[in-house]
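Remarks on the structure that follows.
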Amino acid sequence: MAEAHQAVAFQFTITPEGIDLQLSHEALRQVYLSGLRSWKKRIVRLKNNVITGVYPASPSSWLFVVIAILATMYTRSDPSMGLIAKIQEHLPASGSLSVQCQTVVSAVVFSTMLWLSLIFTMKLCLKQLLSYHGWMFEQRGNVSNTTKVWMMLVRIFSGRQPLLYSYQGSLPNLPVPAVKDTIRRYLESIRPLKSDSEFERVNTLAKEFEVSLGNRLQWYLKLKSMWASNYVSDWWEEYIYLRGRGPIMVNSNYYGMDFMYAIPTPIQAARAGNILHAVLMYRRKLNKEEIKPSRIPGTFIPLCSAQCERIFNTTRIPGEETDTVVHWKDSEYVAVYHRGRYFRLWLYQAGRMLSPREIEYQIQRILDDPSTPAPGEEKLGAFTAGDRYTQTLTLNKRSLDCIEKAAFFVTLEHEELDKKGDDPDITLDRYAKSLLHGKCYDRWFDKSFSVVIYKNGKNGLNAEHSWADAPVVSRMWEYVLATDCFHLGYNEEGHCKGDVNPSLPRPQRLTWDIPSQGKASCIFILVAKKLLVAQVLADDVDFHVFAFRDFGKGSIKKVKMSPDGFIQLALQLAFYRDRGMFCLTYEASMTRLFREGRTETVRSCTSESCEFLRAFENGEDVEVCRRFCRSASEKHQQLYRLAMTGAGIDRHLFCLYIVSKYLGIESPFLKEVFSEPWRLSTSQTPVQHLEMFDFVNYPEYLICGGGFGPVADDGYGVSYSLIGEDIITFHVSSKHSCPQTDSHKFGKQIRKALGDLLQLMTNNQKEASRSEQNHSPKPQSKKEL
């Protein structure tokens, strides 16, 4: 361990003859190699900053410009139109240089200025090109000439292999929609949910807001959008996440699962060795910016990668009124929890990353450690599970800092999951609850993410939500799972491959000094209170996780519908059958087409979807139902496109609300907007590393996505993933305390709704295929996710 090496690097004793200094050369070598690794990272970071800074040009293009200018001057031409001569006149050391040297230096200075000007122009052009979103609203097979020219220009500017953050300086800022447009779309979204009298009341409030307070608040937002990179993201992080004083466990954190059916090895330490090493491999690629920038699936359009900066070495630090997200540049260890004890596990030695076999060896040492938890140590994690701190944990700051500054957190469970003979449905449900909240004290919910390794080798993760959204963590986790099984692998005995260095220092046990009496005894009381709050919340969560295998997006695309729009209609139908009513529905979209973009809301319950559901459930003519169904799907796609391109409803209204609070002005309209509950909260988790999996030849290695807790006390949370062409996974959550919700019952309604919708549209497709056998298919609408 680095601290241990530093502590024994030198020793001295005072004798009558003087000071006897003894140096440990091996310890000094370890310190030197560790520092060398740190300096290598700094150099790589500097190099990447230069490459990213000049993108879409390259550093070598500077030499090309210099040579071109010098070659032109050799032909006795002056490409600078006199600027080189002006520069030569003002050279500070012109007296000590020959005339020829002065000319060359002036030419190099001019070439550099010209090169920087060209880079600035290219960045500005690329930013303007990426501000065009008309392509998203066009039909496949019917692309306008404008879009064709735009595509060609974007390809020209994006020809070189970009680094992870290469596009950051060229992404456009999120635009501020007009107040009247946002209010119009808002009123349209609530029309099917309100009676005539209720709608008229809200409409009156909206019109009054539009002509009075709205324009004043809008002025502040436009001012902020000119100054800040994104007028939403910082307020969204602060007021939606960090200022919340309720528990983040269940209410905010989310989880990601392992393979649904396969466990590559039953040896806990071995699985931990490969998983942790794969996570470190991803971090190394991230630090070198070797990960390709995220793009809109099926296109070359880049997405913002700013959220990737805080995946590792990040912790949410609690405060009295608001929390803060703190990120450290580097960390060479992870914090590990096992049977009530905390350990620090170093993952680097002598400047190199430990191999999977070496990590397995170290993990096994922790599993075999016979020590018992110190008084009060076992349930300290409950501090991060209950209500946000009214009193901070001030004792044992050194151990607390060790956890907070770790690369990430690891929990070694002493229980098994997915035992043979268990009901797979019950196992998945129990698995989801375990990842989301565990025992309420065996996770550190404030860490950016925590990896959970079960006794039989099953694993998963729990992620804190404030610093980034699920697709960023999902991308990392897909890479880790694929690397674990298809790249690193295991030997015949189930252990990690490679050799072990038995001289590795043992993992360090973190010490906690918490007296059971006196001033510090309040810590025990505070832990008990927070644990009680967390356990009540955890026990109330009802989960149902299942894989829908009857069909997938392949069959949906054959009936010429958007897979996401199809699933959203199915969820609307399932809820309508379950509760006999329509509800305000939240679907998470993303605004990462813009710099520092995060999410926007798609209000999936529309007048068109309600019209379709009424017709379908009332048994109206099949052709009428099909027409209504397509109309509802097209409306959903239109709303999704608007949300992605900065013309959503809820983030704009949210920022107007924040400005009104800063000004101390109460708005009846905004108060009405934010009093409406989201009884159906949905989110799609896209598969981003599909090329790393083979679901045809290895169907048991089916990734399962992840999920989150219910948003409303009387509603459902639904996360879903489209896996390959034939599978859709669903994670349904609700609360036991609500007599109107039942996750398993709602899961059955989802299955039935999916089947009913496909049957409705498939019959139409069969009839159409018979009448159009010799004709090309009609243009199919684009779907971004």
Side-chain angles (χ1 to χ4, degrees), residues 37-38 40-55 123 162-174 228-238 240-242 252-254 256 278-295 302-317 323-334 347 404-409 446-451 461 463-480 590-599 688-689:
R37 172 182 173 270
S38 178
K40 285 181 178 178
K41 286 188 63 177
R42 290 190 180 100
I43 293 172
V44 169
R45 192 178 294 119
L46 177 62
K47 182 195 75 172
N48 289 339
N49 287 341
V50 172
I51 295 174
T52 299
V54 302
Y55 189 85
K123 280 181 174 289
L163 297 177
L164 176 62
Y165 302 117
S166 291
Y167 289 107
Q168 290 302 106
S170 301
L171 290 173
N173 291 357
L174 183 69
S229 300
N230 191 296
Y231 79 95
V232 175
S233 294
D234 58 338
W235 284 351
W236 185 254
E237 178 176 309
E238 179 180 357
I240 296 300
Y241 295 112
L242 299 181
S252 178
N253 285 29
Y254 55 93
V279 173
L280 294 179
M281 289 175 62
Y282 188 87
R283 187 174 74 160
R284 183 170 60 187
K285 290 171 68 72
L286 186 70
N287 290 337
K288 294 181 177 181
E289 299 185 30
E290 295 175 350
I291 299 171
K292 294 180 181 180
S294 297
R295 302 178 187 271
L303 301 175
C304 179
S305 300
Q307 296 178 51
C308 297
E309 297 173 356
R310 298 190 290 180
I311 294 180
F312 299 96
N313 328 318
T314 301
T315 301
R316 176 172 174 165
I317 305 296
D323 297 350
T324 54
V325 176
V326 180
H327 171 71
W328 289 270
K329 285 294 184 182
D330 193 19
S331 180
E332 297 188 352
Y333 66 89
V334 294
L347 298 175
E404 292 177 341
K405 294 179 181 179
F408 53 95
F409 193 79
D446 286 350
K447 286 300 293 180
S448 55
F449 69 94
S450 301
V451 176
L461 64 77
E464 201 275 317
H465 207 328
S466 65
W467 62 273
D469 300 309
V472 175
V473 178
S474 174
R475 190 184 190 195
M476 180 268 292
W477 191 238
E478 288 172 18
Y479 173 90
V480 169
M590 58 94 176
T591 55
R592 291 172 63 198
L593 285 169
F594 304 96
R595 192 171 184 178
E596 297 181 14
R598 292 200 58 167
T599 62
Q688 302 170 76
H689 283 296

Going by heavy atoms in the side chains, are L163 and Y55 under 4.5 Å from each other?
no
Do K405 and D330 meet the salt-bridge criterion of a basic N to acidic O distance under 4.0 Å?
no
Counting C-beta onward and ignoring hydrogens, is there a side-chain heavy-atom pair between C304 and F594 closer than 4.5 Å?
no
From W235 CH2 over to I240 CD1, what is the distance, rounded to the nearest 0.5 angstrom?
12.5 Å
CA sep, side-chain torsions, deciding dist, call: N230, R598, side-chain hydrogen bond (donor to acceptor under 3.5 Å, both in side chains):
CA-CA 10 Å; N230 191 296; R598 292 200 58 167; over 6 Å; no
If you measure from the Lys or Arg side-chain nitrogens to the Asp or Glu carboxylate oxygens, is any gap between K329 and E309 under 4.0 Å?
no
Examine distances only and state if a side-chain atom of S448 and a backbone atom of I311 form a donor-acceptor pair shorter than 3.5 Å.
yes
What do the steps show when you test E237 against S233 for side-chain hydrogen bond (donor to acceptor under 3.5 Å, both in side chains), and what is the final call?
CA-CA 6 Å; E237 178 176 309; S233 294; over 6 Å; no
Would you check if the side chain of T591 reaches a backbone N or O of G597 as a donor-acceptor pair within less than 3.5 Å?
no
Set out, in order, the CA-CA distance, both residues' side-chain angles and the distance that settles side chain to side chain contact (heavy atoms under 4.5 Å, CB included) for Y167 and R595, then state yes or no.
CA-CA 9 Å; Y167 289 107; R595 192 171 184 178; over 6 Å; no
Test item: E596 and N173 side chains (from C-beta on) under 4.5 Å apart, heavy atoms
no
What pairs with F449 under ring pair (Phe, Tyr, Trp, His ring centres under 6.0 Å), at least two apart in sequence or on another chain?
F312, F408
Euclidean distance, L174 CG relative to R592 CZ, rounded to 0.5 Å
14.0 Å
A side-chain contact here means heavy atoms from C-beta on lying under 4.5 Å apart; do Y165 and C308 qualify?
yes
Step-by-step side chain to side chain contact (heavy atoms under 4.5 Å, CB included) determination, T599 to W236:
CA-CA 9 Å; T599 62; W236 185 254; 4.1 Å; yes
Less than 4.5 Å apart, side chain to side chain, heavy atoms only: is that true for E464 and T314?
no
Before giving the answer on side chain to side chain contact (heavy atoms under 4.5 Å, CB included), spell out for W477 and L461 the whole-Å C-alpha distance, their side-chain angles and the decisive distance to 0.1 Å.
CA-CA 8 Å; W477 191 238; L461 64 77; 3.2 Å; yes
From L593 atom CG to R295 atom CZ, the distance as rounded to the nearest 0.5 Å:
12.5 Å
Compare all side-chain heavy atoms of D323 with those of S466 and state whether any distance is below 4.5 angstrom.
no
Which one of V325, T315, L242 satisfies the side-chain contact (heavy atoms from CB on, under 4.5 Å) criterion with W467?
V325
L171 to P302 - nearest heavy-atom pair and separation
CD2-O, 4.2 Å
Look up atom CE in M281 and atom CG in L286, then write down how far apart they are to the nearest 0.5 Å.
13.5 Å
Once you round to the nearest 0.5 Å, how far does CZ of R310 lie from CZ of R316?
11.5 Å
Test item: L347 and Y333 side chains (from C-beta on) under 4.5 Å apart, heavy atoms:
no
side-chain hydrogen bond (donor to acceptor under 3.5 Å, both in side chains), that's the test. Do H465 and S252 meet it? Break it down for me.
CA-CA 6 Å; H465 207 328; S252 178; 5.6 Å; no
Identify the two heavy atoms, one from S305 and one from S294, that lie closest to each other, and give their separation to 0.1 Å.
OG-N, 4.2 Å
Would a distance-only check, ignoring hydrogens and angles, find a side-chain to backbone donor-acceptor pair under 3.5 Å from K285 to K292?
no
Flag side-chain contact, heavy atom, 4.5 Å: L280 against R283:
yes
Donor-acceptor pair, side chain of Q307 and main chain of D469, under 3.5 angstrom
yes
